Undergrad: 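Before anything else, here's the structure in question.
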Amino acid sequence: MAKKSTRQFWLFKSEPEAFSIDDLERCPDQTTYWDGVRNYQARNFLRDSVSVGDGVLFYHSNADPLAIVGTATVVKAGYPDHTAFEPGNSHYDPKSKRDNPTWYMVDIRLVTKFRVPVERSKLLEVKSLEEMMLLRRGSRLSIQPVTATEWREVLSLAGVKEN
DNA sequence: GCCAACGTTGGC
DNA sequence: GCCAACGTTGGC
């Protein structure tokens, strides 16, 4: 069976006090591993669906302003989140074993830091985004699928051409 | 700071 | 397997 190669899109949430897009920009090669996801639905996306080359919208949650602040690309697909194995790490989880990991992560590299963040309040005004998971109240998922239409609309709002 | 939504835990 | 209690997320 032929492997489906269609590029997919995602939204990753981060509290900027913990890890912001500026932190990503300062990383070597502007690349980081995305650790600390401790929700099974989000884990499943990271382990099974997020693929090299996929597009990522970087969202600042619990922040002022709440906004999509840039894009990244996936450079390494799902592999075990080693922070779960480290006692003392804030993401330590004793039920995750090296030979049977519970939690997964991917690596992403910064592509574009928006010159002007696309604020949540702006997104809420856009008709074509009214179904976007991020904007549904009570949506706490930290790794969310984004449709190609939503991806293009957000880049358009950010004034970004190519991505 | 408030609180609704959601996920997890644990007693039964 | 049910569900109440509890903890966390995250917008407002």
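Bear in mind the structure is a predicted one, so any value in this text is a computation, not a measurement. Letters A, B, ... mirror the listed sequences (proteins, then strands); counts begin at 1.
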Undergrad: With a 4.0 Å limit, can you tell me whether R120(A) has a side-chain N or O closer than that to the phosphate oxygens OP1/OP2 of dC12(C)?
TA: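 Yes, R120(A) has a side-chain N/O under 4.0 Å of OP1/OP2 on dC12(C).
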Undergrad: For the helix from dG1(B)-dC12(C) to dC12(B)-dG1(C), what is the angle between the axes at its two ends, each from 5 pairs, rounded to 10°?
TA: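 Helix axis angle between the two ends: 10°.
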Undergrad: OP1 or OP2 of dG11(C) versus the side-chain N and O atoms of Y59(A): is any pair under 4.0 Å?
TA: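 Y59(A) to dG11(C) OP1/OP2: side-chain N or O found under 4.0 Å.
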Undergrad: Relative to each other, are the rings of F19(A) and F58(A) parallel, tilted or perpendicular (30° and 60° limits)?
TA: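 F19(A) and F58(A): tilted rings.
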Undergrad: May I have the distance from Q144(A) (atom CD) to dG11(C) (atom C1'), rounded to whole angstrom?
TA: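 After rounding, the reported distance stands at 13 Å.
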Undergrad: Hey, which of Y59(A), F45(A), W151(A) is the one that makes ring-ring contact (aromatic ring centres under 6.0 Å, His included) with W10(A)?
TA: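 Going through the options one by one, the only one that passes is F45(A).
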Undergrad: From C-beta outward on Q41(A), which listed nucleotide comes closest to its side chain: dC12(C), dT8(B), dG7(B)?
TA: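 Nearest to the side chain of Q41(A) among the choices is dG7(B).
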Undergrad: Can you check the E15(A) CD to dG10(C) P distance for me, whole Å?
TA: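 So the two atoms are 7 Å apart, to the nearest Å.
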Undergrad: For Y79(A) together with W103(A), are the ring centres under 6.0 Å from each other?
TA: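 Centroid distance W103(A)-Y79(A): not below 6.0 Å, so no.
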Undergrad: Counting only side-chain heavy atoms from C-beta out, which of dG11(C), dT8(C), dT8(B) sits nearest to R140(A)?
TA: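 Given the options dG11(C), dT8(C), dT8(B), the side chain of R140(A) is closest to dT8(C).
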Undergrad: Under the criterion side chain to side chain contact (heavy atoms under 4.5 Å, CB included), which of T112(A), V111(A), V56(A) is the partner of T73(A)?
TA: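 Exactly one option meets the side chain to side chain contact (heavy atoms under 4.5 Å, CB included) with T73(A), and it is V111(A).
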Undergrad: Quick one: is dT9(C) close enough that its OP1 or OP2 comes under 4.0 Å of any side-chain N or O from K13(A)?
TA: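 False: K13(A) side-chain N/O out of range (4.0 Å or more) of dT9(C) OP1/OP2.
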Undergrad: Starting at atom CG of D93(A), determine the distance to atom C1' of dG7(B), rounded to an integer number of angstrom.
TA: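 Atom-to-atom, D93(A) to dG7(B), this comes out as 14 Å.
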Undergrad: Could you check whether R43(A) pairs with D81(A) (Lys NZ or Arg NE/NH1/NH2 to Asp/Glu carboxylate O, under 4.0 Å)?
TA: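 Not counted as a salt bridge, because no side-chain N and carboxylate O are separated by less than 4.0 Å.
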Undergrad: List the steps, then state whether side-chain hydrogen bond (donor to acceptor under 3.5 Å, both in side chains) holds for Q144(A) with S139(A).
TA: CA-CA 9 Å; Q144(A) 305 181 350; S139(A) 173; 3.2 Å; yes
Undergrad: Round to the nearest Å and state the distance from L134(A) atom CG to dG11(C) atom P.
TA: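 Nearest whole value for this atom pair: 7 Å.
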Undergrad: Between the protein and nucleotides 3-5 of chain C, are there any N/O to N/O pairs under 3.5 Å, and if so, what are the atom names and distances?
TA:
none

Undergrad: Figure out the OH/C1' separation between Y40(A) and dT8(B), and round it to whole Å.
TA: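 Nearest whole value for this atom pair: 9 Å.
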Undergrad: Please report the distance, rounded to the nearest Å, between CG in L124(A) and P in dG10(C).
TA: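 Distance, rounded to whole Å: 16 Å.
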Undergrad: Just the rounded figure in Å: distance from P of dG7(B) to CG of L141(A).
TA: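 It is 8 Å, rounded to the nearest whole Å.
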Undergrad: Mind listing the closest non-hydrogen atom pair of K113(A) and D22(A) along with its distance?
TA: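 The answer is NZ-OD1, 2.6 Å.
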Undergrad: So do the side chains of F12(A) and I143(A) get within less than 4.5 Å of each other, counting heavy atoms only?
TA: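 Contact flag for F12(A)/I143(A) side chains = yes.
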Undergrad: Return the value, rounded to whole Å, for the distance between atom NE2 of H91(A) and atom C1' of dT9(C).
TA: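 Rounded to whole Å, this separation is 14 Å.
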Undergrad: Search all heavy atoms of L123(A) against all heavy atoms of L135(A) and return the closest pair with its distance.
TA: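 Scanning both residues completely, I find the closest heavy atoms to be O-CD1, 3.8 Å.
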